[in-house]
Colleague: 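Below is a structure I'd like to ask you about.
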Amino acid sequence: MTTQLYLFIIWEKSRFKSELIINDIKTKFLIRDIYEIKWNKENFQNNLIRFYGNSLPDAKKKSLLCGTDPFLLIIIEDKKPLFKIEKGFNSEFKINQNIAKAKMKYRDWIGKEFSIHGSISIKETNHDLTLLLGKTYDEFLDELPATWNSEIKHHNSDLFGFGGFKNMGEFLHLLNGTINYVILRNFENFPQVFSSTNHNDIDILTDDLIILPYVLMTQGNESPKGKIPSAIKIGNDTIPIDWKRPGDVYYDKNWYSDILKRKIFYKNRFFTPSLNDYFYSLFYHAIFHKKTMSPEYKQKLLELSSKLNLEIHSELLDDITASQTFL
């Protein structure tokens, strides 16, 4: 079985039980590392909103419960995970009952609901680590010590992405660890070059529209209430983002879902459609959305068709009617 990483957070006002909780964790799991994390008190509510998303009804109330002084992050490995499938909104997800049970036990010890946080799935661990430490699950796994050496590391920083993104790489890195997505097209020169005369926006497909508004809330203390920003600040540039989602009329809903399932990690930097999906989604975009075949798209489609061993000729791409029939 592959390594299963999870985490617990002992908020500041719960730290009077830290020793008891850590000792109990040792009896059930393998502690891989422990951090003391300090957030800027002025930004504490923003951090909480981004971290918990739409599951947090009142950030101010939560900050009073947690306390705004440094808290402990305990990263553990569960060598014998016990999974259960639960249904969420339009999806199913697998949770580790061992973590869920331990989290509730520690909350009972504190005597207050939601006084301890625990990630109950690999997806949640990935989300939490990316925001807390700026590293995705896989990146963190490569760097973690085999076992905790009893020393607490210190991390003095707000959540990753607070205040905006220095460059496109940071923005993509945040998406990598928090949502399921692909950049649909025009990504060949990312992240160094992300806009041009022909393409000044970025088309991103995702099915994680509930999480997305919160992780992109890079400033302020008011909940975005599900509103996704239509533009992102990248360094000194403001880049329009055209968010696509299963259920819109841009592409077929099932095709969208399949594109996400077949996504690839392009150049180990960000997610894009598979070669096959890239060819057909770009072809469709040109002839049905744009209703014209630009020289740029024509060249890309010819290159992709060659890689896919498809018999696509230049004459076909020049004929929109024939191209529509072909698809």
Colleague: Of the options F190, F165, F160, which is the one that meets F171 in a ring-ring contact (aromatic ring centres under 6.0 Å, His included)?
Modeller: F165

Colleague: Decide if atom CD of Q192 counts as having more than 12 heavy atoms of other residues, nucleotides or ligands within a radius under 6.0 Å.
Modeller: yes

Colleague: Evaluate side-chain contact (heavy atoms from CB on, under 4.5 Å) for L56 paired with Y214, printing each intermediate quantity in order.
Modeller: CA-CA 11 Å; L56 182 66; Y214 297 92; over 6 Å; no

Colleague: Taking C-beta and beyond as the side chain, do F283 and M293 meet within less than 4.5 Å on heavy atoms?
Modeller: yes

Colleague: Do the side chain of E36 and the main chain of H154 share a donor and acceptor less than 3.5 angstrom apart?
Modeller: no

Colleague: Tell me whether M168 shares a hydrophobic cluster with F162, the cluster being built from Ile, Leu, Val, Met, Phe, Trp, Tyr side chains joined at under 4.5 Å.
Modeller: no

Colleague: Nearest 0.5 Å please: distance from the NZ atom of K28 over to the CG atom of N98.
Modeller: 9.5 Å

Colleague: Give a yes or no on whether E143 atom CD has more than 12 heavy-atom contacts from other residues, nucleotides or ligands under 6.0 Å away.
Modeller: yes

Colleague: Once you round to the nearest 0.5 Å, how far does CH2 of W11 lie from OG of S63?
Modeller: 10.5 Å

Colleague: Please work out which of the three classes, parallel, tilted or perpendicular, describes the rings of Y35 and F140, given edges at 30° and 60°.
Modeller: tilted

Colleague: Tell me whether the count of non-hydrogen atoms from other residues, nucleotides or ligands lying under 6.0 Å of CZ in R185 goes above 12.
Modeller: yes

Colleague: Return yes if some donor-acceptor pair links the side-chain N/O of D237 with the main-chain N/O of I239 below 3.5 Å, else return no.
Modeller: no

Colleague: Could you give the distance from OH (Y106) to CD1 (I22), rounded to the nearest 0.5 Å?
Modeller: 10.0 Å

Colleague: Under 4.5 Å between side-chain heavy atoms, counting indirect links through other Ile/Leu/Val/Met/Phe/Trp/Tyr residues: same cluster for I49 and F114 or not?
Modeller: no

Colleague: So, H117 versus F71, ring centres under 6.0 angstrom or not?
Modeller: no

Colleague: Is there a donor-acceptor contact under 3.5 Å from the side chain of H173 to the main chain of G134?
Modeller: yes

Colleague: Between E77 and K79, does at least one N-O distance fall below 4.0 Å, as a salt bridge requires?
Modeller: yes

Colleague: Between T238 (side chain only) and I234 (backbone N and O only), is there a donor and an acceptor less than 3.5 Å apart?
Modeller: no

Colleague: Side chains of V215 and F51, heavy atoms from C-beta outward: is any pair under 4.5 Å?
Modeller: no

Colleague: Test of understanding: clusters of I, L, V, M, F, W, Y form through side-chain heavy atoms closer than 4.5 Å, transitively. Do I202 and L282 belong to the same one?
Modeller: yes

Colleague: Any donor-acceptor pair under 3.5 Å linking the side-chain atoms of N54 with those of K225?
Modeller: no

Colleague: Step by step, would you call L174 with L131 a side-chain contact (heavy atoms from CB on, under 4.5 Å)?
Modeller: CA-CA 7 Å; L174 178 77; L131 288 174; 3.6 Å; yes

Colleague: Between D158 and N40, does a side chain to side chain donor-acceptor pair (under 3.5 Å) hold up when you go through it step by step?
Modeller: CA-CA 6 Å; D158 293 311; N40 187 318; 4.8 Å; no

Colleague: Side chains of K298 and S314: is there a donor and an acceptor less than 3.5 Å apart?
Modeller: yes

Colleague: Please check if the number of heavy atoms outside R269 that lie under 6.0 Å from its CZ is greater than 12.
Modeller: no

Colleague: Tell me yes or no: between the side chains of S274 and D277, is some donor less than 3.5 Å from an acceptor?
Modeller: yes

Colleague: Salt bridge check: are D24 and K105 linked by an N-O gap of less than 4.0 Å?
Modeller: yes

Colleague: Do Y278 and T272 touch side chain to side chain, with heavy atoms closer than 4.5 Å?
Modeller: no

Colleague: Strictly below 4.0 Å, N to O, side chains only: are E188 and K300 in salt-bridge contact?
Modeller: yes

Colleague: Would you name the heavy atoms of N186 and E296 that are closest together and state the gap between them?
Modeller: OD1-OE2, 4.1 Å

Colleague: Looking at every non-hydrogen atom in both residues, tell me the closest pair between S121 and K94 and how far apart they are.
Modeller: CB-O, 3.4 Å

Colleague: Is any side-chain heavy atom of K263 closer than 4.5 Å to one of N180?
Modeller: yes

Colleague: Would you say Y250 and D242 are linked by a side-chain donor-acceptor pair, where the criterion is simply a distance under 3.5 Å?
Modeller: no

Colleague: Is there side-chain contact between T136 and L129, with heavy atoms separated by less than 4.5 Å?
Modeller: no

Colleague: Using modelled atom types and a 3.5 Å cut-off, is there a donor and acceptor pairing between side-chain atoms of R32 and backbone atoms of I76?
Modeller: no

Colleague: Atom CD1 of I74 and atom CD1 of I116: how far apart are they, to the nearest 0.5 Å?
Modeller: 8.0 Å

Colleague: Are any non-hydrogen side-chain atoms of Y256 and D248 less than 4.5 angstrom apart?
Modeller: yes

Colleague: Should L72 and S18 be marked as a side-chain contact (heavy atoms from CB on, under 4.5 Å) after you check the CA-CA gap, both sets of side-chain angles, and the distance that decides it?
Modeller: CA-CA 8 Å; L72 293 183; S18 293; 3.7 Å; yes

Colleague: What do you reckon, are the aromatic ring centroids of Y251 and H289 less than 6.0 Å apart?
Modeller: yes

Colleague: Flag the pair F270 / F265 as yes when their ring centroid distance falls below 6.0 Å, and as no otherwise.
Modeller: no

Colleague: Name the one of F271, Y181, Y266 that satisfies ring-ring contact (aromatic ring centres under 6.0 Å, His included) with F187?
Modeller: Y266

Colleague: Is the closest side-chain heavy-atom distance between Q4 and N96 below 4.5 Å?
Modeller: no

Colleague: Dump the intermediate steps for side-chain contact (heavy atoms from CB on, under 4.5 Å) on L5 and L144, then the final yes or no.
Modeller: CA-CA 10 Å; L5 293 182; L144 266 182; 3.6 Å; yes

Colleague: Less than 6.0 angstrom separating the ring centers of Y284 and Y280, yes or no?
Modeller: no

Colleague: So, for A102 and F8, which heavy atoms are closest and what is the spacing to 0.1 Å?
Modeller: CB-CZ, 3.9 Å

Colleague: Between I9 and L132, is there a side-chain heavy-atom distance shorter than 4.5 Å?
Modeller: yes

Colleague: To the nearest 0.5 angstrom, please state how far the OG atom of S115 sits from the CG atom of L65.
Modeller: 6.5 Å

Colleague: For P213 versus P224, what's the shortest heavy-atom pair and its separation?
Modeller: O-CG, 3.6 Å

Colleague: Does P295 offer a backbone N or O that forms a donor-acceptor pair with the side chain of Q299 under 3.5 Å?
Modeller: no

Colleague: Side-chain heavy atoms under 4.5 angstrom apart, residues restricted to Ile, Leu, Val, Met, Phe, Trp, Tyr: same cluster for I152 and L73?
Modeller: yes

Colleague: If we ignore angles and hydrogens, is there a donor and acceptor under 3.5 Å between the side chains of E139 and Y137?
Modeller: no

Colleague: Would a distance-only check, ignoring hydrogens and angles, find a side-chain to backbone donor-acceptor pair under 3.5 Å from W255 to D258?
Modeller: no

Colleague: Counting only heavy atoms from other residues, nucleotides and ligands, does the tally under 6.0 Å from NZ of K13 exceed 12?
Modeller: yes

Colleague: What are the two closest non-hydrogen atoms of P273 and L184, and how far apart are they?
Modeller: CG-O, 3.9 Å

Colleague: If hydrophobic clusters are built from ILVMFWY residues whose side chains come within less than 4.5 Å, do I264 and F279 share one?
Modeller: no

Colleague: So that I can tick it off, tell me whether K41 and D69 are bridged by a salt bridge, with the cut-off set at under 4.0 angstrom between side-chain N and carboxylate O.
Modeller: yes

Colleague: Checking side-chain contact (heavy atoms from CB on, under 4.5 Å) between I241 and each of I204, L216, I228, which is the one that passes?
Modeller: I204

Colleague: Going from CG on D33 to CG on L7, what distance comes out if it is rounded to the nearest 0.5 angstrom?
Modeller: 12.0 Å

Colleague: Whether K123 and D208 form a salt bridge (side-chain N of Lys/Arg under 4.0 Å from carboxylate O of Asp/Glu) is what I want to check.
Modeller: yes

